[in-house]
Amino acid sequence: MPVVDVKDGSVVPERVAEGVERPRRMEDELREQNERFSAAVENMSHGLCMFDADERMIICNGNYLNIFRLDPKVIRPGIRFIDILRHSVDIGIASQSADELYAIRKPYIDQAKPSTYEEALADGRIIRISHRPLASGGWVSIYEDITEQRRAEQDLKEQHRRFDAALANMSQGLLMYDADGKMIVRNERFLELYNVTAADFPLGTTHRDALERLLELGIYTQIDVDSEVAKTEACRRAGKIHSAYRHLTDGRTILVTRRPMSGGWVATFDDVTERRLAEERMTHLAHHDTLTGLPNRSMFRERLDLALEDAAAAPLAIFSLDLDRFKAVNDSWGHPAGDWLLKCVAERLQRCLRSETDIVARFGGDEFVVMQFNFKGIADAEKLAKRIIEAVAKPFRDKSRDMHVGISLGIAVFPDDGRDADTLLKNADTALYRAKSEGRSLYRFFEPAMDAIVQARRALEVDLEAALPRQEFDLDFQPIMNIASGEIIGAEALMRWHSPARGTVGPDDFIPVAEETGLIVPLGEWALRKACAAAASWPPGLRIAVNVSAVQLKSGGFARDVISALAFSGVPAGRLELEITETVLMDESKAVLKTLRQLRDLGIRIALDDFGTGYSSLGYLRRFPVDKIKIDRSFIRDMGNRDTAAIVRTIIGLGAELGITVTAEGVETEAQLDMLRKNGCTEAQGYLIGVPSSAAEIQRLLKSRAARSQTG
Ligand code: C2E
Ligand code: CA
Ligand code: CA
């Protein structure tokens with residue numbers, strides 16, 4: 001057995017022969033030492049094999065034999081190194097030939113210093129071999145199966161590779177901070193996103209340093225580093241995710257999300273600029289009117305609610321605006337022109353506002369609303385109202401056509417006229433309603449009394465709606481006389497409403513309402529049928545005059561209704577007279593004139609009612625030749641006045657010149673009739689000739705007159 005000294009893991013053998021002369025005690029000691037050494041070698045977790053200078057094995061342990069699956073009967077002390085290699089080739093454990101293996105190991109063996117290398121076995125295991133030269137000229141080899149270790153290392157490497165790839169390929173920037181608040185991971189995307197270099201943000205940088213660096217580089221502005229650090233720390237401790245938008249100086253928006261993670265935390269950085277823009281566009285769409293770009297109702301409501309929460313906002317004024325004659329523009333020039341006009345109106349309204357904070361919104365159609373802040377008194381609101389009326393009154397010129405509209409305004413003031421948005425808007429509407437009913441291009445401030453008027457008006461609308469199916473309407477007839485002959489030539493149908501709740505209501509009180517609600521269309525059709533039916537039983541040749549509202553004419557099926565009423569009653573077209581007002585002819589829409597022309601071609605006569613009260617523009621008489629002019633009764637009443645008498649004479653003269661019948665309305669006295677006769681007026685109508693009376697009465701009157709004229 002060799003004499004071995006184990007020192008610092010290196011093994012130094014001594015010559016066995018040198019111990020021969022040693023005393024007995026020493027020999028015992030040596031044996032003991034040898035036994036201890038053998039036990040130590042055997043218990044090693046590594047394989048061990050020792051060779052002498054002649055490359056013969058001195059000793060090996062069981063682990064060595066196990067690792068290489070060597071046969072202990074073959075591998076015995078004294079065997080040559082090359083023979084061990086040959087044996088391993090024989091048993092199929094070596095992955096190369098014995099000579100090749102020897103050639104590989106020999107240089108290590110010959111080295112005078114420890115060396116380590118790895119060898120792969122045929123079964124795929126990897127063995128790490130460490131050579132240490134011995135002073136005696138031999139060497140000791142230590143073998144370690146590192147297959148598992150290698151695999152774990154490989155796995156880890158792969159894991160790292162994948163992690164790196166993931167980090168590099170992330171669309172988000174990523175920073176990872178450890179429990180000490182030091183940056184331990186930072187991906188390329190982060191650097192790209194912030195347009196910074198790795199040197200600016202070396203690993204080990206603290207969160208505070210990173211924030212300060214971003215400020216220094218001018219990438220962030222206005223960021224409170226202390227509060228940011230504190231916030232992050234609080235979220236980390238609470239285990240909460242924290243997200244915040246960061247606005248970079250270059251205009252981009254980054255969403256920063258911090259997630260607590262195993263002591264430290266991970267921050268991810270998303271460029272959400274596009275998304276934010278899209279979101280902003282969506283909110284803009286949701287809050288703005290697409291046609292004019294003005295805020296819409298929902299945004300206006302939001303702003304108003306906000307303003308009302310703030311008591312300091314008081315007083316503020318809400319203007320409800322509505323265009324006058326917009327429908328006419330739309331009907332006559334078409335919708336594209338209408339849209340264009342609305343855009344222009346929106347621009348003009350915006351220019352009328354003097355304060356940055358004031359808002360004009362479009363609620364739909366031709367309805368706009370203005371909110372005026374910094375409003376010191378009624379005078380301020382009045383000034384704005386006047387400015388708006390003036391601005392909209394100027395013609396809108398497009399493709400060399402001039403469009404004229406006006407605007408009416410109703411104004412409600414916070415807090416006097418209401419403390420909440422609904423009430424204020426409702427009251428501004430009420431005031432607008434009033435302005436509209438009083439004329440065009442007017443503004444009116446809300447007054448509590450208006451509310452009552454509006455309530456009453458709404459109640460009337462409701463009652464009126466129910467009146468037609470309940471058959472509460474009736475027609476009276478007023479005779480019309482030919483002045484020259486004194487004969488009754490026909491009668492005008494005048495509508496009456498016998499309301500159980502209100503008593504008999506005159507047409508002046510309900511026709512305008514019916515026109516606004518649209519009820520006039522079925523109501524007018526009913527009157528037409530009823531009048532024709534009544535006229536059917538009159539002596540032949542007598543005319544029936546029926547009043548027609550502009551709304552009916554614009555509604556579409558009017559010509560069809562007229563023809564059907566005639567057909568139903570059997571009254572010839574030549575006996576029907578339709579009374580229209582100047583507004584109908586003023587209407588630029590071609591459809592209305594076309595309908596009238598169509599009816600006139602059938603032989604129906606068209607009369608111009610209330611002549612003189614309207615626009616006093618005679619141009620339209622050339623656009624559409626009417627059959628009759630009815631001079632408004634206000635002129636007849638004032639005929640005592642020289643100027644008025646002159647006007648009446650002019651109208652009669654005009655009629656004669658154009659070959660148009662002229663009827664004087666509201667003739668109450670013989671003096672009036674005399675004057676009309678002298679001036680050559682064709683027909684007269686009024687209490688003097690006959691009051692409006694029931695269908696039965698008028699039938700009796702007409703029959704008796706007809707009989708008289710036949711006998712006399
Ligand atoms: P209008 O077409 O000018 O009708 C004549 C009005 O003058 C009638 O009033 C009639 O009662 C009144 N009147 C007749 N003779 C005299 C007189 O000598 N002196 C005075 N002071 N008044 C006289 P009414 O029936 O109240 O009708 C008012 C208006 O209602 C009518 O004015 C007409 O514009 C409208 N209207 C009446 N019936 C209908 C209808 O069926 N359809 C439509 N669309 N409008 C109607
Ligand atoms: Ca009439
Ligand atoms: Ca009239």
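In this text the structure is predicted, and so the values were computed from the model without any measurement. Counting convention: from 1, in listed order, for ligands and their atoms alike.
Residue contacts with ligand 1 for Gln685 are absent, since no atom lies close enough (heavy atoms, distance under 4.0 Å). When heavy-atom distances to ligand 1 are checked against a 4.0 Å cut-off, Glu665 comes that close only through its side chain, counted from C-beta outward. The proximity of Val691 to ligand 1, defined as any non-hydrogen pair under 4.0 Å, does not occur for either the backbone or the side chain. Contact annotation: for Glu492 versus ligand 1, heavy atoms closer than 4.0 Å belong to the side chain alone.
Note on Asp609: counted as a metal contact of the Ca ion (ligand 2), an N/O/S atom lying under 3.0 Å.
Of all atoms in ligand 1, listed by their number and element, those nearer than 4.0 Å to a heavy atom of Asp610 are 3 (O). Proximity to Pro692 (heavy-atom distance under 4.0 Å) selects the following atoms of ligand 1: 11 (O). Numbered from 1 in the order shown, with element, the atoms of ligand 1 that lie under 4.0 Å from a heavy atom of Leu494 read 4 (O), 8 (C), 10 (C), 11 (O), 25 (O), 37 (C), 38 (N). Proximity to Asp508 (heavy-atom distance under 4.0 Å) selects the following atoms of ligand 1: 28 (C), 29 (C), 30 (O). Remark: ligand 1 atoms within the under-4.0 Å shell around heavy atoms of Ser549 are 44 (N). Under a 4.0 Å criterion applied to the non-hydrogen atoms of Glu668, ligand 1 contributes the atoms 17 (C), 18 (O), 19 (N), 20 (C), 21 (N).
In Gln455, the CD atom is crowded: over 12 heavy atoms of neighbouring residues, nucleotides or ligands sit closer than 6.0 Å. With a 6.0 Å radius and a threshold of 12 heavy atoms from other residues, nucleotides or ligands, Lys530 has its NZ atom at or below the threshold. Other residues, nucleotides and ligands contribute more than 12 heavy atoms inside 6.0 Å of the CD atom of Glu438. Surrounding CZ of Arg470 are at most 12 heavy atoms belonging to other residues, nucleotides or ligands under 6.0 Å away. More than 12 heavy-atom neighbours from other residues, nucleotides or ligands sit within 6.0 angstrom of CZ on Arg401.
An N or O contact shorter than 3.5 Å links Met495 to ligand 1 by distance. By the 3.5 Å distance cut-off applied to N or O atoms, Arg633 is counted among the residues near ligand 1.
No hydrogens or angles considered: nothing links the side chains of Asp322 and Ser408 as a donor-acceptor pair under 3.5 Å.
Judged by the 6.0 Å distance and 45° axis criteria, Arg362 is not positioned over the aromatic ring of Phe300. Judged by the 6.0 Å distance and 45° axis criteria, Arg529 is positioned over the aromatic ring of Phe568. Judged by the 6.0 Å and 45° rule, Arg457 forms no cation-pi pair with Phe510.
Ion pairing of Arg705 with Glu487 is absent here, as no side-chain N (NZ or NE/NH1/NH2) approaches a carboxylate O to less than 4.0 Å.
The Ca ion (ligand 2) forms the vertex of an angle spanning OE1 of Glu579 and OE2 of Glu492; to the nearest 10 degrees it equals 90°.
Between the choices Gly666, Gly506, Pro507, the shortest heavy-atom distance to atom 26 (O) of ligand 1 belongs to Pro507.
Using a 4.0 Å cutoff on heavy atoms, Arg496 counts as a contact of ligand 1.
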